[in-house]
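Step one of this worksheet: look at the structure below.
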Number of protein chains: 2
Amino acid sequence: MRSPAELSQAFRQSGLKVTPQRQLLFRLLHGNTSHPSADVLFALASQAMPGISLRTVYQTLNDLALMGELQSIDFGTGSARFDPNVTEHQHAMCNECGAVHDVFVADEPKMLGLDGFDVHAAQIVYHGVCAGCAS
Amino acid sequence: MRSPAELSQAFRQSGLKVTPQRQLLFRLLHGNTSHPSADVLFALASQAMPGISLRTVYQTLNDLALMGELQSIDFGTGSARFDPNVTEHQHAMCNECGAVHDVFVADEPKMLGLDGFDVHAAQIVYHGVCAGCAS
DNA sequence: ACGCTTATTTGCAAGCCTTGCAGGTTAGCA
DNA sequence: TGCTAACCTGCAAGGCTTGCAAATAAGCGT
Ligand SMILES: [Mn+2]
Ligand SMILES: [Mn+2]
Ligand SMILES: [Zn+2]
Ligand SMILES: [Zn+2]
């Protein structure tokens, strides 16, 4: 995801307006590696801007995802997680605390046993226990 | 997942009853490689047994999953998919038709960039276009 | 600075999938 | 055949996300 300043420019160029709510979310997301849910972002945003609505959080997240600035990831935990890192990488989720960490794989695993399937992307999710929860 | 006959025995031994509804689901699931959702199973079950309730389908699916006879997989498509194949394998989902196919990988991809994470399982989902939809 | 137009924000209702609950029903066993 | 615990069904409700409409405000031209 680009910087708040660059995003503001991009939004205006797309005919979208740059509101205080959106700017706040730009800041909360930029460089954020915690893979927060909409709910968590709403809580954070509410601290800085009491009264902001959950609906607006979802709206802005969807706008950013549509622009390719953000990816929405479903780990099957009930709510979607959002990731401003849209470069190719994979994830590891802790079974204990639910934290999601970025990981990289040496090379994409080779798929066997299925002919004629045109692979566009391979999503890998490691499940286990993170360093913090192990101690 | 074991055969309907074996499952019936296992259910009784666990103090669970073997009802016509459960037997029907045993049959619908045994050897099923289509990764159906509860909804799809409910539709199939309703054909053979009009009046069966969606609640009962969910109940039986949960029972089987709890017994380790079935796995529930969330591909982020809204509803869970159920798989009577509980041996280690991976999946490929078609972006066009939503079909899920079983695949195998040569060897588990090596995780980089995260120290101290104890990996219990690695889930891989290939996204792309299946042979049928390509033509 | 001012007013206009159009996008945005909000609050609430509703949609989708799944589970909780309660009352009538039935499997399993003596 | 009868008892009792487990089950089935229908419906309500819970969690996450989106649709909708009225009030609000950003961006732009003057
Ligand atoms: Mn990430
Ligand atoms: Mn499978
Ligand atoms: Zn942890
Ligand atoms: Zn297909």
Side-chain angles (χ1 to χ4, degrees), chain A residues 4-5 7-26 28 35-46 48-67 70-83 98 100, chain B residues 4-5 7-26 28 35-43 45-46 48-67 70-82 98 100:
Chain A
L7 287 175
S8 296
Q9 199 170 3
F11 265 58
R12 288 204 186 87
Q13 282 175 4
S14 303
L16 301 177
K17 293 176 177 174
V18 177
T19 65
Q21 291 87 344
R22 285 178 171 171
Q23 289 175 301
L24 172 56
L25 284 163
F26 293 170
L28 289 177
H35 306 84
S37 61
D39 208 50
V40 165
L41 286 166
F42 174 59
L44 290 173
S46 295
M49 186 184 286
I52 189 173
S53 92
L54 176 59
R55 190 69 185 80
T56 298
V57 173
Y58 272 109
Q59 203 112 275
T60 301
L61 291 172
N62 289 340
D63 290 339
L64 286 167
L66 232 47
M67 294 173 71
L70 188 70
Q71 62 172 317
S72 169
I73 312 171
D74 190 330
F75 292 103
T77 50
S79 46
R81 302 293 205 98
F82 295 87
D83 192 348
V100 174
Chain B
L7 287 177
S8 296
Q9 199 172 0
F11 265 59
R12 288 203 188 88
Q13 282 176 5
S14 302
L16 301 177
K17 293 177 177 175
V18 177
T19 64
Q21 290 87 347
R22 285 179 173 171
Q23 289 176 301
L24 171 57
L25 285 164
F26 293 169
L28 290 176
H35 305 85
S37 61
D39 207 51
V40 165
L41 286 166
F42 174 60
S46 295
M49 186 184 286
I52 189 173
S53 92
L54 176 58
R55 190 68 184 82
T56 296
V57 173
Y58 272 109
Q59 202 110 274
T60 301
L61 291 172
N62 290 340
D63 290 339
L64 287 167
L66 232 47
M67 296 174 69
L70 188 71
Q71 62 171 318
S72 169
I73 312 170
D74 190 330
F75 292 103
T77 50
S79 46
R81 301 294 203 97
F82 295 88
V100 174

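Note: hydrogens, waters and symmetry copies are ignored here, and every other heavy atom, side chains too, is used.
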Rounded distance (Å) that lies between atom [atom2] of [N] and atom [atom1] of [X]:
| X | N | atom1 | atom2 | answer |
| --- | --- | --- | --- | --- |
| B:Leu41 | C:dT18 | CG | P | 11 Å |
| B:Leu66 | C:dT19 | CG | C1' | 14 Å |
| B:Phe11 | C:dG28 | CZ | P | 11 Å |
| B:Gln9 | C:dA27 | CD | P | 19 Å |
| A:Tyr58 | C:dA14 | OH | P | 19 Å |
| B:Arg12 | C:dC29 | CZ | C1' | 12 Å |
| B:Leu61 | C:dC17 | CG | P | 15 Å |
| B:Asp63 | C:dT19 | CG | C1' | 13 Å |

Which residue lies more 5' along DNA chain D, comparing B:Gly15 with B:Gly51 via nearest heavy atoms: B:Gly15
5′-ward residue of the pair B:Arg55/B:Leu16 relative to DNA chain D: B:Leu16
Stepwise side chain to side chain contact (heavy atoms under 4.5 Å, CB included) test for B:Asp63 and B:Phe11: CA-CA 9 Å; B:Asp63 290 339; B:Phe11 265 59; 4.2 Å; yes
N or O in side chain of A:Gln21 less than 4.0 angstrom from C:dT10 OP1/OP2: yes
Presence of B:Ser79 side-chain N/O under 4.0 Å of C:dC16 phosphate oxygens OP1/OP2: no
Sugar-phosphate, base or nothing in reach of A:Thr56, heavy atoms under 4.0 Å: base
Sugar-phosphate, base or nothing in reach of A:Asp39, heavy atoms under 4.0 Å: nothing
Candidates C:dA27, C:dG28, C:dT8 - which lies nearest the side chain of B:Thr19: C:dA27
5' priority, DNA chain C, between B:Pro20 and B:Arg81 [closest heavy atom]: B:Arg81
Residue met sooner reading DNA chain C from 5', once A:Arg22 and B:Phe82 are mapped to nucleotides: A:Arg22
State, to 0.1 Å, how close [X] and [Y] come at their nearest heavy-atom pair, and which atoms those are.
| X | Y | result |
| --- | --- | --- |
| B:Ala38 | B:Leu54 | O-CD1, 4.2 Å |
| B:Thr77 | B:Asp74 | N-OD1, 4.4 Å |
| A:Met67 | A:Ala10 | CE-CB, 4.0 Å |

Covered region of DNA chain D, 5' end to 3' end, by chain A [heavy atoms, under 4.0 Å]: D:dC16 to D:dG27
Once you round to the nearest 0.5 Å, how far does [atom1] of [X] lie from [atom2] of [Y]?
| X | Y | atom1 | atom2 | result |
| --- | --- | --- | --- | --- |
| A:Ser72 | A:His35 | OG | NE2 | 11.5 Å |
| A:Asp39 | A:Leu44 | CG | CG | 10.0 Å |
| A:Phe42 | A:Leu25 | CZ | CG | 11.0 Å |

